[in-house]
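All values below were derived from every heavy atom in this structure, side-chain atoms included, with hydrogens, water molecules and symmetry-related copies excluded.
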Amino acid sequence: MSLFIFDMGEVILLGVRTLKQLSEYVGTDYHDIRMDYSYYDRALMDGYMSADDYYRHLEDKYQCVIKEDLFVKFFHPAVNMEMLSVIDKLRENGHRCVIGSNTFKPHWDHIKTYKEKPLEHFDALYASHLMHMSKPEPSFWRIICQSEGYDYKDTYFIDDLEENTSAAASLGITVLQYSGDDKNERAREFFSPFI
């Protein structure tokens with residue numbers, strides 16, 4: 001049997017981006033907020049900076065007042081029920097399915113409130129802010145594979161970002177970059193030997 005590691009954003013949850021709404025809220029353009037966020041993204045994802053700390057930074061930089069959790073306010077992704085169905089079939093056939101996602105506390109806690117309960121479809125959950133390690137660091141997959149007791153050659157990784165799939169592939173993990181208009185057909189071909 002094999003280990004399948006699934007990214008959360010744009011694989012299990014579709015439409016996770018919030019920076020456009022964030023830029024409008026603080027009164028700047030998307031390019032500016034994206035550049036600013038890039039300096040703090042890793043600290044947020046690795047769990048070394050809180051969302052509140054980032055909001056205080058935004059207040060100072062953009063002279064605005066933030067009284068709510070903006071990462072939750074603007075976070076309204078759709079649950080990819082087709083992918084959850086695939087995961088259920090993989091598990092029925094004896095494969096181990098886990099989440100391996102770059103995320104941070106506000107999004108992670110919000111996902112737990114979803115009526116579809118997407119996290120309950122997995123055998124284990126590995127969130128970057130709790131691991132203090134995020135993709136594409138090779139240690140991200142090493143920690144998961146060691147914890148799960150699987151070699152890289154018996155591991156499959158599904159993610160929407162090429163930098164993450166390339167990093168996993170360099171370790172000998174079989175990957176699917178789940179993105180583009182052909183994602184459903186490519187995904188069916190990828191999973192068909194296992195379900």
request  = For the pair Glu189 and Arg186, evaluate side-chain contact (heavy atoms from CB on, under 4.5 Å) and give the outcome as yes or no after the intermediate values.
outcome  = CA-CA 5 Å; Glu189 184 179 317; Arg186 288 175 59 242; 5.7 Å; no

query = Does Leu13 share a hydrophobic cluster with Leu125, counting links as ILVMFWY side-chain heavy atoms below 4.5 Å and allowing steps through other members?
reply = yes

ask   = How far does CE of Met1 sit from CG of Leu90, to the nearest 0.5 angstrom?
value = 11.0 Å

ask   = Measuring from Tyr152:OH to Arg142:CZ, what's the distance to the nearest 0.5 Å?
value = 6.5 Å

Asp69 versus His110, side-chain donor and acceptor atoms under 3.5 Å = no

note = Between Ser134 and Asn102 the two heavy atoms that sit nearest each other are CB-OD1, 3.2 Å

message = Contact between Asn93 and Ile195 at the side-chain level, heavy atoms closer than 4.5 Å - yes or no?
response = yes

inquiry  = Checking the side chain of Asp29 only, and the main-chain atoms of His31 only, is there a donor and an acceptor separated by less than 3.5 Å?
reply    = yes

Beyond-backbone contact of Arg42 with Glu137, side-chain heavy atoms, under 4.5 angstrom = yes

Under 3.5 Å: donor-acceptor pair, side chain of His129, backbone of Met45 = no

query = Do Phe190 and Tyr178 have ring centroids that are under 6.0 Å from one another?
reply = no

ask   = Can you say whether the rings of Phe75 and Tyr114 are parallel (under 30°), tilted (30 to 60°) or perpendicular (over 60°)?
value = tilted

task = Look only at the side chain of His76 and the backbone of Lys73, and say whether a donor-acceptor pair between them is shorter than 3.5 Å.
result = yes

ask   = Do Thr165 and Asp159 have side-chain atoms, one donor and one acceptor, less than 3.5 Å apart?
value = no

message = I need the Gln177 CD to Leu161 CG distance, nearest 0.5 Å.
response = 7.5 Å

message = Check this for me: Lys20, atom NZ, are more than 12 non-hydrogen atoms of other residues, nucleotides or ligands nearer than 6.0 Å?
response = no

task = Could you give me the CA-CA distance, side-chain angles and deciding distance for Asp36 and Tyr54, then say whether side-chain contact (heavy atoms from CB on, under 4.5 Å) is met?
result = CA-CA 10 Å; Asp36 181 75; Tyr54 182 60; 3.4 Å; yes

Residue pair Lys135 / Trp141: nearest heavy atoms and the distance that separates them = CG-CZ2, 3.7 Å

message = For a quick test of reading the model, state the closest non-hydrogen atom pair linking Gly100 to Phe157 and the distance between them.
response = O-CE1, 4.3 Å

Atom pair CD1/OH of Ile33 and Tyr62 - distance to nearest 0.5 Å = 4.0 Å

ask   = Under 4.5 Å between side-chain heavy atoms, hopping through other hydrophobics if needed: is there a path connecting Val79 to Phe4?
value = yes

ask   = Under a single-linkage definition using a 4.5 Å side-chain heavy-atom cutoff for Ile, Leu, Val, Met, Phe, Trp and Tyr, are Val11 and Ile87 assigned to the same hydrophobic cluster?
value = yes

ask   = Crowded around Arg34 CZ? As in, over 12 foreign heavy atoms under 6.0 Å?
value = no

request  = List the atom of Ile66, the atom of Leu58, and the distance in Å for their closest heavy-atom pair.
outcome  = CD1-CB, 3.8 Å

note = Between His107 and Val16, the two heavy atoms sitting closest are CE1-O, 4.5 Å

ask   = Side chains of Glu68 and Tyr25: closer than 4.5 Å at any heavy-atom pair?
value = yes

ask   = For the atom pair OH (Tyr40) and CZ (Phe104), what is the distance rounded to the nearest 0.5 Å?
value = 15.0 Å

inquiry  = Count I, L, V, M, F, W, Y as connected when their side-chain heavy atoms are under 4.5 Å apart, and connections chain through other members. Are Leu130 and Phe6 then in the same cluster?
reply    = yes

message = In the structure I gave you, are the side-chain heavy atoms of Asn164 and Asp7 within less than 4.5 Å of one another anywhere?
response = no

message = Does Met133 form a side-chain contact (heavy atoms from CB on, under 4.5 Å) with Tyr126? I'd like the steps, not just the answer.
response = CA-CA 10 Å; Met133 175 69 58; Tyr126 296 91; over 6 Å; no

message = Tell me if a side-chain donor or acceptor on Ser166 pairs with a main-chain N or O of Glu162 at a distance below 3.5 Å.
response = yes

query = Is the backbone of His121 close enough, under 3.5 Å, to the side chain of Arg91 for a donor and an acceptor to pair up by distance?
reply = yes

key: hydrophobic_cluster_shared for Ile12 and Ile111, side chain cutoff 4.5 Å   = yes

task = Find out whether Tyr150 and Val98 are in side-chain contact, i.e. whether some heavy atom of one side chain is under 4.5 Å from a heavy atom of the other.
result = no

ask   = Rounded to the nearest 0.5 Å, how far does CD1 of Ile173 lie from NZ of Lys153?
value = 12.5 Å

Asp151 vs Thr155 side-chain heavy atoms within contact, under 4.5 Å = no

query = Thr103 versus Met8: any side-chain heavy-atom pair under 4.5 Å?
reply = no

query = Any side-chain heavy-atom pair from Phe71 and Thr18 closer than 4.5 angstrom?
reply = yes

ask   = Can you name the closest pair of heavy atoms from Val175 and Ala168 and give their distance?
value = CG1-CB, 3.8 Å

